[in-house]
Number of protein chains: 2
Amino acid sequence: MKLTHKTEYAILALIHLAREGESQTESISKECDIPFKFLQQILRELRLKQLVTSVRGPNGGFKLKRPANKISLAEVVRAFDGPLAPTSAVSVYFYEPGPLEAEPKTLRVFKEVRDFVSKKLEKTTIFDLV
Amino acid sequence: MKLTHKTEYAILALIHLAREGESQTESISKECDIPFKFLQQILRELRLKQLVTSVRGPNGGFKLKRPANKISLAEVVRAFDGPLAPTSAVSVYFYEPGPLEAEPKTLRVFKEVRDFVSKKLEKTTIFDLV
DNA sequence: CATATTCTTGACAAAGTTGGTAGACTTTAT
DNA sequence: ATAAAGTCTACCAACTTTGTCAAGAATATG
């Protein structure tokens, strides 16, 4: 797992929504210091991934689709950056074969990393981060 | 931390050298199934990073510069892929500010990930993977 | 010494990812 | 009507990844 800025922005936006209840793109952009146009794109993805809902028109905006304690960090990271595992050769949800395949001992080490990260991020929710 | 193929190849080559004692590029290439020209480049980096030594000419080749149990996985991964941390905002050796900076609780989660990964990879050596 | 073998070095390149931006469109409160 | 939101598609520059290529330098062997 390597976090991109986009994923970090997504996490910030979700935390913000958890705090405020509801908010508009411009206000999130200013308070979280996220480039407006980039944030629009991110909020759209968050909606497509069922993490937020939106309302259009004046006084529109966004809010969390589920309670903050039902949105895990794992879900957010997976949605934006893909595998939590350090290499897709040991990924559960995004498995792909790779060069390391032939070395079981090495695979084991990275699987232990994957398991730790996965457990940690599954049990941490946006609520915990507010 | 996200492993690239290059890093995985580097790990494979080091394990191979630990097993064989010494070996030539072509033989490593064939046995580990690493593209020859790419491997040349990787072995050069491994030498520059003081992980292997080389001998030129016929019957030349490569061997580990240090005993296998003195080469940690952490060192190899850091040399090729940079930070072990999931984001450079929580990296010790490669720190850079990032969007997450403003959220201490979130930083903490990722620091715990970093610490686990770091400990795990520091104490795993090439010797353990042979 | 000649030659073949092997490592050395620097450049290059196609494809994919990252971190955005632009602008036209749709919905809706007033 | 109009203005204030979100929606959607497309685009772009910079960087990283995954290699390839070719010429050069060192050295063991005959």
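In the text below, chain A, chain B and the rest are named by the order of the sequence lines, each starting its count at 1. Side-chain atoms are counted along with the backbone in the values below, which use heavy atoms only and exclude waters and symmetry mates. Because the structure is a prediction, the values reported are computed rather than measured.
Applying the ring pair (Phe, Tyr, Trp, His ring centres under 6.0 Å) definition to pairs two or more places apart or across chains, those involving residues 14-52 of chain B are B:Y9-B:F38. The stretch residues 61-109 of chain A participates, sequence neighbours left out, in no ring pair (Phe, Tyr, Trp, His ring centres under 6.0 Å) pair at all. Residue pairs meeting the salt bridge (charged side-chain N to carboxylate O under 4.0 Å, His left out) criterion with at least one member in residues 120-130 of chain A, sequence neighbours excluded: A:R78-A:E122, A:K120-B:E112. For residues 39-59 of chain B, no pair satisfies ring pair (Phe, Tyr, Trp, His ring centres under 6.0 Å), with sequence neighbours left out. Listed by first and then second residue, the salt bridge (charged side-chain N to carboxylate O under 4.0 Å, His left out) pairs involving residues 63-72 of chain A are A:R66-A:E75 (not counting sequence neighbours).
Contacts of A:E26 classified as salt bridge (charged side-chain N to carboxylate O under 4.0 Å, His left out), with partners at least two apart in sequence or in another chain: A:K30. Judged as a side chain to side chain donor-acceptor pair (under 3.5 Å), and not counting sequence neighbours, the contacts of B:E45 are B:K6.
Put simply, chain B comes within 4.0 Å of DNA chain D, heavy atom to any atom, from D:dT17 to D:dT29, going 5' to 3'.
For the pair A:Y9 and C:dG20, the criterion of a side-chain N or O lying under 4.0 Å from OP1 or OP2 is met.
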Annotated protein contacts, base or backbone, on nucleotides 6-18 of chain C with a non-hydrogen cut-off under 4.0 Å, one of B, S, - each:
BBBBS-------S
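With contacts defined as side-chain heavy-atom distances shorter than 4.5 Å, the pair B:M1/B:D81 does not qualify.
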